[in-house]
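Proteins come first, then strands; the chains are lettered A, B, ... in the order of their sequence lines, and each starts at number 1.
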Amino acid sequence: MPYTTNDIRRVEEKWQSYWETHKIFKAEMNEKKQKYYVLEMFPYPSGKIHMGHVRNYTIADVIARYKMMRGFNVLHPMGYDAFGQPAENAAIKRGVSPSEWTYKCIDDMRIGLKKMGFSYDWDRELATCDTSYYTWNQWIFLKMAERGLAYKKASPVNWCPSCATTLANEEVIDGACWRCKNQVEQKDLDQWYLKITHYADELLEDLKKLNNWPSRVVAMQENWIGKSFGADIYFKVKGSDAMITVFTTRPDTIFGATYVTLAPEHPMVRKLAKGTAQEAAVEAFIKKSINVSKSPRMSGEERKEGVFTGGYAVNPVNGETIPVWTGDYVLMGYGTGAIMAVPTHDQRDFEFAREHKLPMRIVIQDPANKDITPEQMTQAYVDEGLLVNSAHFDGTPNEEAKQKIAQWMEKGHMGRVSVHWRLRDWLISRQRYWGTPIPMIYCTGCGIVPVPYADLPIKLPENAPITGEGGSPLAKVPEFVNVKCPNCGGEARRETDTMATFFDSSWYFLRYCSARNDREIFDAKEAKYWMPVDQYIGGIEHAILHLLYSRFFTKFLKDIGMVDVPEPFDRLLTQGMVLKDGEVMSKSKGNVVDPDEVIAKFGADTLRMFILFAAPPEDQLEWNPAGLEGNWRFINRVWNSVETRYAKGAVAGAVLDAQDKKLEFERHGAVKKVTDSMEGGFKFNTAISGVMVLVNAVDKYKVTVGNAHQQAMYNRAIETAVQLLAPFIPHAAEELWQMMGKTDRTVAGVAWPTYDEAALKTDTVKMVAQVNGKVRAEFEVPCDADEAYLRPIVLADESVQRHIAGKEIKKFIVVKNKLVSIVI
RNA sequence: GCUGGAGUGGCGGAAUGGUAUACGCGUCGGUCUCAAAAACCGAUGUUCUAACGGGCGUGUGGGUUCGAUUCCCACCUCCAGCACCA
């Protein structure tokens, strides 16, 4: 009887319900047991689960089940990243409330997750839009505000006119909104920021601890934080007391500075131009540069535009007077918004200088081209060399001069050694409804007053008009806005901005540690036990922001004594995309495969197995219906083997014949292979192939009718195969386990099989002989045979003889149990 | 440009110094059947040869080694991320 579609449905429903009612996967703190925390990046509840979710969570589930069989106390929770804009869009489009829409989606997702048979502790399920969760967002915000890490600042922000909201720098991609792809504008607004830069050094330093993260993720974070060493240099403005501070990573080139360039937004630009012939030109240039959204300015392909400001500055190291320009290739947001231009040794300065006919001076000599003049240069010389035209530094190697000149300037008050970062503070204000209200109050008398902790939570009002236009919906709810000042009792207004949703996902892994705690954010003792997350699994798209923010929050919560780990995620696995016909599966491309349909036909086990077997977890996975059927066939073969050839109660004898030994060899070998594949970085594809090899051997093993010994040998081998398959195809494994009469425990709770090295040793071994690196013959020889034994046998071989052909043997190399290499 | 990764049969992939292509898919042949499907058995890198046997073969070119998919050097191609960050 094959494993029919009806069997699949019956078996899968049976075991899903068994696991749930018996709370097989409930996690409880137990100091005596070693814990293992497996976590997948929780989903945004937008509807049903898709193949990307299925892959992500199947990977996590196999790890969780495997670790449980290995005896760990496993925490494997699930929840929903439930605040966000799609809920508001749905509200506008369909007239349902964001809350109603979101909870409906959560219900749909939960059904999909349960159908896959994932081993979650459902008692810890959470949704970030629940008041019981976002209360603690507000708590964290207030704690940060107390320490000056949450602050309000008027500043130019990225404004998406289509979404009518501000965006973090991270949410602007090539000058467009990451969500709606419309052009982003610059606008001055009062906004809340989190001071992530306070942790810049720690966030960078501690990357060294993340040895079990993919190197590219670490590299991306390093890049994003962007620490640059160099010097700030002070240029006096000619004819005034004003000063321009520039930042450079190349203080060794200071004697080659032939002009200074300011970002168009730099406050000195207008001051310098005032009253000069350049005033009108400068004004026009500022207008043009600032109004143009960031994208063309940042694209790097544009010609470098700029104008002379009309002012001059003095190079502090040589007293030289040089012109001050403003140019669009200098960014206000990095460094000091001002640079010293050294066209001979910086490609951007070189292009700008050529474009605007500015002077150049060589200060680092190209050893291969010593006599070149600036006029002959076709590009900046940016490699190493000795300093020239640099007063008493002439002849110094430039790498050495970087430090020497910076220190010399610092001593002479011409500048100072400095460090600048790319990382900026995190803008979290959103003019949106479906998010956590920021717990702040504006009082005309007292100014900005934090909501007292006792007044939390500040609940989202249910009746806010959501139109997608005209700013924050909360501002249109008078009962929400109008409030008494907690300080003086006078009339006051609530903050109507909500928090960016990345805030919610920056600490949810901590909430899972005690998800039902209604007295505090989480139980510190539970967090101490469960943290850090041992294995985190998710998409590469979160390599920078989500992971950086989570690391930031963990460091903050450590500083206030809530957690004791410096980093939240010990190991990180970034799973690859699911493709169909070479393209990423997506609704917009119309090439999605619905997990539900696959489950209906082949079952969740087959789907799980296909996804794990078809590619290593980090690689892209090409959807392949034929492969899926192959995996279904395999499950069927195992099912048939148990159903038709397994017989309970057989007892093995003590003596093993050659066939028995071969089977035991395969059985122990498979345990080793699967265990090694799991331990060595979760190579599920090779783990599964290991079980397939065993099943092939089991099928070949012959049981003579009535031979109890052989029956017992057979039983043992197929039992091991089912155990090894339990993490991968849990439903079928449970059913087979039961069919084999193992009713005292579920296979999910049974111990992972072990192997015996002795069983992997055979009496004889096949060896090959190479002559000059080419295989010429095969031999069956006793295990561990040495050269004295092998030499006469190998040399007597006809094929070996032919290839030696009377020539002198220079070397005779024996690699134990593998090969003999003869060199002639 | 910078950073990270990858290049192996018809396809997904395996092997991290020792018989390249495990395992699966596909294809071909066979058994069973009135027939088909399913299932099972066998073959399957390429090339020369009637056969026995041999040559070639892991992106390209070098190197180290008795032996290289694996280590080293140079290059090519592709993918991903960042990008006028001074």
Side-chain angles (χ1 to χ4, degrees), chain A residues 2 173-174 214-224 226-228 230-231 246-250 253 261 263 297-304 327-331 333-342 345-349 351-352 420-423 540-541 543-544 574 576-577 609-610 613-616 618-631 633-634 636-637 640 673 677 683 685-693 695-696 699 766-778 799 802-803 809-824:
Chain A
I173 293 152
D174 291 332
S215 54
R216 65 167 163 161
V217 175
V218 172
M220 281 158 81
Q221 294 239 332
E222 212 172 272
N223 215 314
W224 192 263
K227 187 178 191 178
S228 290
V246 308
F247 172 64
T248 182
T249 55
R250 299 292 308 275
T253 62
T261 314
R297 262 184 79 185
M298 303 270 267
S299 73
E301 283 153 26
E302 289 281 297
R303 255 180 27 203
K304 291 177 174 38
D328 60 6
Y329 75 104
V330 180
L331 308 173
Y334 183 75
T336 59
I339 62 156
M340 64 174 201
V342 185
H345 306 296
D346 180 285
Q347 186 58 25
R348 293 152 302 179
D349 296 342
E351 286 165 24
F352 191 83
H420 285 266
W421 303 83
R422 284 194 48 194
L423 185 69
I540 187 71
E541 68 274 19
I544 298 177
T574 51
M577 302 264 192
M609 192 175 179
F610 165 71
F613 182 64
E618 298 86 352
D619 290 8
Q620 295 190 325
L621 171 81
E622 175 68 35
W623 185 257
N624 175 7
L628 187 76
E629 286 195 48
N631 288 111
R633 272 202 298 270
F634 174 76
N636 238 303
R637 272 180 62 200
N640 287 340
K673 169 77 181 170
S677 291
K683 303 292 179 208
N685 53 334
T686 56
I688 290 170
S689 82
V691 190
M692 287 173 167
V693 171
V695 171
N696 289 344
D699 277 0
K766 197 169 74 176
M767 287 182 70
V768 296
Q770 294 182 341
V771 179
N772 280 358
K774 289 203 190 304
V775 177
R776 299 301 184 187
E778 267 186 19
S799 175
R802 193 170 52 235
H803 287 96
I809 293 168
K810 283 194 191 142
K811 279 188 182 172
F812 191 94
I813 298 157
V814 176
V815 180
K816 211 164 89 177
N817 295 335
K818 285 199 169 137
L819 55 75
V820 168
S821 184
I822 299 167
V823 187
I824 55 170

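- For B/C66, the OP1/OP2 oxygens have a side-chain nitrogen or oxygen of A/Lys811 closer than 4.0 Å.
- Considering only the side chain of A/Ser689, B/A22 comes nearest among B/C40, B/A22, B/C66.
- The shortest distance between the side-chain N/O atoms of A/Arg633 and the OP1/OP2 oxygens of B/C25 is below 4.0 Å.
- Heavy-atom contacts from other residues, nucleotides or ligands closer than 6.0 Å to NZ of A/Lys227 number more than 12.
- Distances from the side chain of A/Arg422 to the nucleotides B/G12, B/C82, B/G54 place B/C82 closest.
- The nucleotide whose nearest atom lies closest to any side-chain atom of A/Ala626 is, among B/G26, B/C66, B/G13, B/G26.
- A/Ser677 and A/Thr686 make their closest contact through OG-OG1, 2.9 Å (heavy atoms, listed as atom of the first residue, atom of the second, distance).
- One atom, NZ of A/Lys227, and another, P of B/C2, lie 24 Å apart when rounded to the nearest Å.
- Atom P of nucleotide B/C40 and atom CZ of A/Arg637 are separated by 6 Å, given to the nearest angstrom.
- The residue A/Pro616 sits close only to the backbone: its heavy atoms come under 4.0 Å of sugar-phosphate atoms, none of a base.
- Rounded to a whole Å, the CZ atom of A/Phe610 is 11 Å from the C1' atom of B/G24.
- Nucleotide B/U64 forms a pair with no other nucleotide shown, judged by Watson-Crick or G-U wobble geometry with both contacts under 3.5 Å.
- If you check B/U19, B/G12, B/G54 against the side chain of A/His803, the one that comes closest is B/G54.
- The nearest whole Å value for the distance from the CE atom in A/Met609 to the P atom in B/G24 is 10 Å.
- Nucleotide B/A83: unpaired (no Watson-Crick or G-U wobble partner with both distances less than 3.5 Å).
- Nucleic acid contact class of A/Gly630 (heavy atoms, under 4.0 Å, all strands): sugar-phosphate only.
- Atom CZ in A/Phe247 sits about 15 Å away from atom C1' in B/C84, given to the nearest Å.
- At B/C56, one or more side-chain N or O atoms of A/Lys774 fall inside 4.0 Å of OP1 or OP2 (strictly under the cut-off).
- For A/Thr686, whose side chain is taken as the heavy atoms from C-beta onward, the closest listed nucleotide among B/C66, B/A15, B/G13 is B/A15.
- Place A/Glu778 and A/Ser799 on RNA chain B by their nearest nucleotides, and A/Glu778 ends up nearer the 5' end.
- In this structure, B/G17 forms no base pair with any nucleotide, since neither Watson-Crick nor G-U wobble geometry is met with both distances under 3.5 Å.
- Nucleotides B/A36 and B/U31 place their P atoms 11 Å apart, quoted to the nearest Å.
- Note: A/Tyr329 and A/Phe352 have tilted aromatic rings, judged against thresholds of 30 and 60 degrees for the angle between ring planes.
- Nucleotides B/G59 and B/G55, compared at atom C1', are 22 Å apart to the nearest Å.
- Figure legend. B/C32 is base-paired to no nucleotide; pairs are counted as Watson-Crick or G-U wobble with both atom distances under 3.5 Å.
- Comparing B/U33 with B/U47, their P atoms sit 38 Å apart, to the nearest whole Å.
- Separating the C1' atom of B/G5 from that of B/G54 is a span of 40 Å, rounded to the nearest Å.
- Base pairing analysis places B/U77 opposite B/A6; the two distances defining the Watson-Crick or G-U wobble pair are each below 3.5 Å.
- Across all strands shown, A/Asn696 has heavy atoms under 4.0 Å from sugar-phosphate atoms exclusively, and none from any base.
- A close approach under 4.0 Å does not occur between any side-chain nitrogen or oxygen of A/His345 and OP1 or OP2 of B/A86.
- Applying the 90° cutoff around 0 to the glycosidic angle, B/G9 is assigned syn.
- Within 4.0 Å of A/Glu622, counting heavy atoms only, lies no atom of the nucleic acid at all.
- If you check B/C84, B/G81, B/A83 against the side chain of A/Ile544, the one that comes closest is B/G81.
- Look at the C1' atom in both B/A83 and B/G4: the space between them is 15 Å, to the nearest Å.
- Base pairing annotation: B/U70 forms no Watson-Crick or G-U wobble pair, as no partner gives both donor-acceptor distances under 3.5 Å.
- Between A/Asn685 and B/A14 there is a side-chain N or O to OP1 or OP2 distance below 4.0 Å.
- Within the 4.0 Å cut-off from OP1 or OP2 of B/G4, not a single side-chain nitrogen or oxygen of A/Asn223 is found.
- In this structure, A/Tyr334 and A/Phe247 have perpendicular ring planes: the angle between them is above 60°, well past the 30° mark.
- In this structure B/C56 sits in a base pair with B/G45, meeting the Watson-Crick or G-U test at under 3.5 Å.
- Nucleic acid contact class of A/Val815 (heavy atoms, under 4.0 Å, all strands): base.
- Closest to the side chain of A/Phe613, from the set B/C84, B/C23, B/C66, is B/C23.
- In this structure, the CG atom of A/Asp699 is 14 Å from the P atom of B/C23, given to the nearest Å.
- Atoms CZ (A/Arg802) and C1' (B/C52) sit 8 Å apart, rounded to a whole Å.
- The same atom, P, is picked in B/G17 and in B/G12; the two are 26 Å apart, to the nearest Å.
- For A/Met692, the listed nucleotide lying nearest its side chain is B/C23; candidates were B/C84, B/C23, B/C25.
- With P as the reference atom, B/C78 and B/A20 are 32 Å apart, rounded to whole Å.
- Here the shortest heavy-atom pairing between A/Ser689 and A/Lys673 reads OG-CE, 4.5 Å.
- Note: CZ (A/Arg216) to P (B/A80) measures 11 Å, nearest angstrom.
- Ion pair A/Arg637/A/Asp699 flagged as a salt bridge, since at least one NZ, NE, NH1 or NH2 atom sits closer than 4.0 Å to an Asp/Glu carboxylate oxygen.
- Among the nucleotides B/G4, B/A86, B/C23, the one closest to the side chain of A/Leu331 is B/A86.
- Side chains of A/Asn772 and A/Val823 form a contact here, defined as non-hydrogen atoms less than 4.5 Å apart.
- B/U44 and B/G9 have their C1' atoms separated by 10 Å, given to the nearest Å.
- The side chain of A/Ser215 has B/G4 as its nearest neighbour among B/C82, B/C23, B/G4.
- Across all strands shown, A/Thr249 has heavy atoms under 4.0 Å from sugar-phosphate atoms exclusively, and none from any base.
- In this structure, B/A22 makes no Watson-Crick or G-U wobble pair, since no nucleotide meets both defining distances under 3.5 angstrom.
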